[in-house]
Amino acid sequence: MALSLYNSLSRRLEVFEPEHPPVVRVYGCGPTIYGRAHIGNFRTFIAYDLLHRVLARKGWDVRFVVNFTDVDDKTIEGAAGADSSLSEYTEPFGNAFLDDVQTLGVVSFHATPRATDYVGDMVEWIRKLEERGLAYQAEDGSVYFRISSFPAYGRLSGSRVDGETGRSRIDADDYDKDDVRDFVLWKASRELDRKVGAVWDSPWGPGRPGWHLECSVLSIGALGNTLDIHMGGEDLLFPHHENEIAQSEGVTGETFARFWLHTKHLRVEGQKMSKSLGNTYTVEQLMEMGHSPAAIRHLLISAQYRKELNFTFEGLEGSARAVERLVALHRRLHEEAEAHDDADPTGLEALAESAVADFDAGLDDDLNSSEAMAALFVFLKETNAALDRSKGMARPEELEAARGALASMDSVLGILELALAESSVDDDLAAWVEDLIRQRAEARAGRDWDRADEIRDALTARGIVLEDTAQGTRWKQG
RNA sequence: GGCGCCGUGGCCAAGUGGUAAGGCAGAGGACUGCAAAUCCUUUAUCCCCGGUUCGAAUCCGGGCGGCGCCUCCA
């Protein structure tokens with residue numbers, strides 16, 4: 001099984017192998033921590049997570065680094081608006097991001113460096129670019145990258161570099177540049193920068209690093225001159241990633257990233273996400289509305305990262321239902337199904353094997369999570385059917401195979417693990433429910449259906465759903 | 001204007017040459033004291049028009065419609 005990934009650089013599917021196995025070096029452009037990250041951001045970060053888990057499943061030693069942009073126009077403006085220093089302003093958002101990402105079951109990244117911790121390295125980097133004739137200081141005091149000296153510029157983004165797009169905006173600063181496409185490496189200090197403490201010394205005077213530079217310096221610093229995979233949202237392809245290549249290869253002379261992966265932007269209720277539409281939901285907001293992290297993750301993973309995905313509340317409800325079915329299967333395999341050495345064969349082992357094979361084939365096809373998820377749900381249905389046929393009994397090794405397949409698939413999707421972690425119930429409630437269930441069992445034993453239903457209705461009113469099974473009555477919060 | 005993506009059942013969404021995955025919702029049925037859970041059955045002339053082919057949702061041409069990036073944005 002070979003993993004194929006769509007490489008934006010070649011614009012085609014390519015078989016992925018690490019350059020230096022077993023190590024895989026992956027870098028993903030991270031959040032700008034000027035506010036709470038929204039559901040669209042998390043589509044991308046869950047795609048990172050999926051890649052992370054798939055690479056790890058291949059047995060590779062994955063080094064996944066994601067940066068935090070904590071110095072740029074937005075963070076500076078935010079800090080100034082809040083009357084605080086840059087670091088005071090960004091710190092909580094960085095922490096909130098890590099919380100959110102953990103809430104959604106994203107496996108920890110190996111490092112999450114912040115730009116402001118590496119300004120010295122960035123200055124050094126600019127110096128090297130300058131030595132190679134790739135950077136120059138303009139009259140406004142800022143230092144720019146000289147695109148005309150880097151012939152390979154534009155390889156990633158294609159013809160977008162021809163400049164005459166008719167829509168390129170030119171702000172006042174651009175007046176000082178040699179070429180409108182030249183981008184800033186070092187920004188000379190302005191009043192606002194000084195106000196929030198976003199000022200560092202450099203050979204070109206006080207200033208702050210340009211946004212593009214941090215990704216080159218942080219990724220190479222953490223992972224080396226050549227990355228196996230560089231990932232980011234589709235909006236970053238140009239100019240951000242194009243600029244990263246120029247800055248990086250301009251200094252190292254080596255390929256910066258072998259594979260470039262870009263995630264498609266999320267739509268919400270059929271519309272583009274925007275603050276004016278009020279549809280930039282945060283994880284926190286969705287949870288306050290009663291939506292579970294597992295359902296959110298299910299929905300965000302239900303379409304392949306490169307395809308359009310429309311996030312709707314109807315879809316989120318549907319995802320919640322799908323997650324419930326997964327939980328029910330898990331419980332059935334662990335608690336309800338009985339192991340009997342002399343049970344008739346159920347075919348569970350064969351189902352497990354083909355499900356995992358289909359699942360992996362889906363993921364190998366450019367992380368096609370839709371296909372992978374379909375394999376999981378085919379397995380769910382067929383396993384339930386097999387257990388129904390066998391009256392809930394199976395040989396121990398067959399049950400074990402089914403449990404193993406479910407766990408194996410979920411180790412990549414990470415949905416069930418989230419759902420199971422969520423289902424913590426407080427003891428008082430559990431005691432209350434279980435006492436009523438005992439009373440109801442007595443009523444049912446005496447065929448007092450009115451009393452039994454009365455109890456169940458009381459529980460339903462509190463959001464408790466009962467399931468009578470051969471092994472007794474079980475309950476869940478729904 | 002430049003580059004690119006998409007149009008599949010009520011909704012979401014796989015499938016890129018061999019006769020339509022999966023999820024949600026709906027309908028009928030089995031099971032159940034009734035439910036719940038589960039299972040079974042059921043819902044698609046794949047935007048339109050031409051072309052290539054023994055054969056196309058899949059390839060080519062044209063059209064219509066939706067969208068993204070090019071500007072801070074995951």
Side-chain angles (χ1 to χ4, degrees), chain A residues 8 11 28-32 34 37-48 72-74 77 157-171 211 231-240 262-267 270-275 280 298-299 302-312 314-326 328-329 331-332 336 358 362 365 368-389 392 444 447-450 452-453 456-457 460 465-469 473-476 478:
Chain A
S8 301
R11 301 191 189 194
C29 284
T32 300
Y34 70 113
H38 54 65
I39 196 67
N41 294 302
F42 291 114
R43 176 187 197 186
T44 292
F45 296 114
I46 284 180
Y48 288 5
D72 77 323
D73 289 345
K74 293 191 296 293
E77 281 163 21
S157 53
S159 66
R160 292 179 191 192
V161 295
D162 292 340
E164 300 307 321
T165 63
R167 288 199 54 186
S168 45
R169 280 196 195 163
I170 299 172
D171 71 34
W211 170 52
M231 205 164 174
E234 60 176 337
D235 56 299
L236 299 180
L237 195 145
F238 183 84
H240 185 53
H262 291 96
T263 59
K264 187 104 175 154
H265 276 187
L266 185 70
R267 292 173 68 74
Q271 295 179 298
K272 180 176 169 147
M273 284 189 17
S274 75
K275 289 192 173 145
T280 55
H298 174 98
L299 184 53
S302 65
Q304 191 225 16
Y305 74 94
R306 217 150 50 75
K307 292 292 179 68
E308 187 172 279
L309 173 59
N310 186 12
F311 185 98
T312 66
E314 189 187 349
L316 196 51
E317 300 289 345
S319 286
R321 273 287 302 144
V323 171
E324 277 179 37
R325 293 183 67 203
L326 284 175
L329 177 67
R331 194 164 66 181
R332 188 172 192 186
E336 291 177 30
D358 289 348
D365 180 17
N368 192 333
S369 43
S370 293
E371 245 184 286
M373 203 119 81
L376 172 61
F377 279 89
V378 167
F379 170 75
L380 180 149
K381 175 174 282 198
E382 291 183 344
T383 298
N384 271 321
L387 288 173
D388 278 1
R389 280 194 298 274
R444 293 180 76 217
R447 305 186 70 80
D448 182 355
W449 308 127
D450 288 344
D453 290 345
R456 187 171 58 197
D457 289 345
T460 303
V465 178
L466 299 187
E467 291 174 23
D468 295 327
T469 74
T473 300
R474 38 177 71 270
W475 62 281
K476 65 182 179 186

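Within every chain, numbering begins at 1; the chains are lettered A, B, ... in the order of the sequence lines, protein sequences first and strands thereafter.
- Contacts of A/T32 with the nucleic acid, taken as non-hydrogen atoms under 4.0 Å apart, involve only primed sugar atoms and P, OP1 or OP2.
- Between A/K272 and the phosphate of B/C69, there is a side-chain N or O to OP1/OP2 separation shorter than 4.0 Å.
- The side chain of A/R325 contributes an N or O atom lying less than 4.0 Å from OP1 or OP2 of B/G23.
- Between the side chain of A/Y48 and the backbone N or O of A/C29, at least one donor-acceptor pair lies under 3.5 Å.
- Rounded to an integer number of Å, the gap from CZ of A/R474 to P of B/U38 is 13 Å.
- Remark: B/U32 base-pairs with no nucleotide; criterion is Watson-Crick or G-U wobble with both hydrogen-bond distances under 3.5 Å.
- No donor-acceptor pair closer than 3.5 Å links the side chain of A/R444 to the backbone N or O of A/R447.
- Under the Watson-Crick or G-U wobble criterion, with both distances below 3.5 Å, B/C46 is left unpaired in every strand shown.
- Straight-line distance from the CG atom of A/D365 to the P atom of B/A21: 17 Å, rounded to whole Å.
- Residue A/S157 places none of its side-chain N or O atoms closer than 4.0 Å to OP1 or OP2 of B/C70.
- The distance from atom CD of A/E371 to atom C1' of B/G23 is 15 Å, rounded to the nearest whole Å.
- Following rounding to the nearest Å, A/H298 (NE2) and B/C12 (C1') show an atom-to-atom distance of 9 Å.
- Across the strands present, B/U16 finds no partner; the criterion is a Watson-Crick or G-U wobble pair with both atom distances under 3.5 angstrom.
- Using a 4.0 Å heavy-atom criterion, one finds that A/H262 contacts no nucleic acid atom at all.
- Figure legend. B/A27 is base-paired to B/U41; pairs are counted as Watson-Crick or G-U wobble with both atom distances under 3.5 Å.
- Residue-to-nucleotide contacts include no donor-acceptor pair under 3.5 Å from the side chain of A/R321 to the base of B/G23.
- Judged by distance alone, with hydrogens and angles left aside, the side-chain atoms of A/R389 form no donor-acceptor pair with the main-chain N or O of A/N384 at under 3.5 Å.
- Contact check, A/K307 against B/G15: a side-chain N or O comes under 4.0 Å of OP1 or OP2.
- Remark: B/C59 base-pairs with B/G51. Criterion, Watson-Crick or G-U wobble with two distances under 3.5 Å.
- At a cut-off of 3.5 angstrom, the base of B/G68 holds no donor-acceptor pair with the side chain of A/D235.
- Using P as the reference atom, B/C6 and B/A36 are 41 Å apart when rounded to the nearest Å.
- Looking at heavy-atom distances under 4.0 Å, A/L387 makes no contact with the nucleic acid at all.
- Nucleotides of RNA chain B nearest to A/N384 and A/L309 differ in position, and the one nearer the 5' end is that of A/L309.
- Stacking of A/F377 onto the six-membered ring of B/G22 is not present when judged by under 5.5 angstrom between centres and under 30° between planes.
- Phosphate contact (OP1/OP2 of B/U38, side-chain N/O of A/R332, threshold under 4.0 Å): absent.
- Side-chain to base pairing of A/S370 with B/A14: no donor and acceptor N or O lie closer than 3.5 Å to each other.
- Atom CD of A/Q271 and atom C1' of B/G68 are 15 Å apart (whole Å).
- As judged by a 4.0 angstrom heavy-atom cut-off over every strand, A/G40 is placed among the base-contacting residues.
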(request) Evaluate salt bridge (charged side-chain N to carboxylate O under 4.0 Å, His left out) for A/E234 paired with A/R306, printing each intermediate quantity in order. (result) CA-CA 9 Å; A/E234 60 176 337; A/R306 217 150 50 75; over 6 Å; no
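- Pair assignment for B/C69: B/G2, on the basis of Watson-Crick or G-U wobble contacts that are both within less than 3.5 Å.
- If you check distances only, the side chain of A/R456 does reach the base of B/A35 with a donor-acceptor pair under 3.5 Å.
- The aromatic rings of A/F377 and A/H298 sit perpendicular, their planes meeting at an angle over 60°, well past the 30° parallel limit.
- The distance from atom CD of A/E467 to atom P of B/C31 is 19 Å, rounded to the nearest whole Å.
- No hydrogens or angles were tested; on distance alone, a donor-acceptor pair under 3.5 Å links the side chain of A/D468 to the base of B/C34.
- Residue A/Q304 is in sugar-phosphate contact alone, with no base atom involved, counting any heavy-atom pair closer than 4.0 Å across all strands shown.
- In this model, the phosphate group of B/G15 is approached by a side-chain N or O of A/N368 to a distance below 4.0 Å at OP1 or OP2.
- Nearest-nucleotide mapping onto RNA chain B: of A/D388 and A/E317, the residue sitting toward the 5' end is A/E317.
- Nearest heavy atoms, A/E324 versus A/K476: OE1-NZ, 3.8 Å.
- Ring-base stacking between A/H265 and B/G68 is not satisfied when judged by a centre separation under 5.5 Å and a plane angle under 30°.
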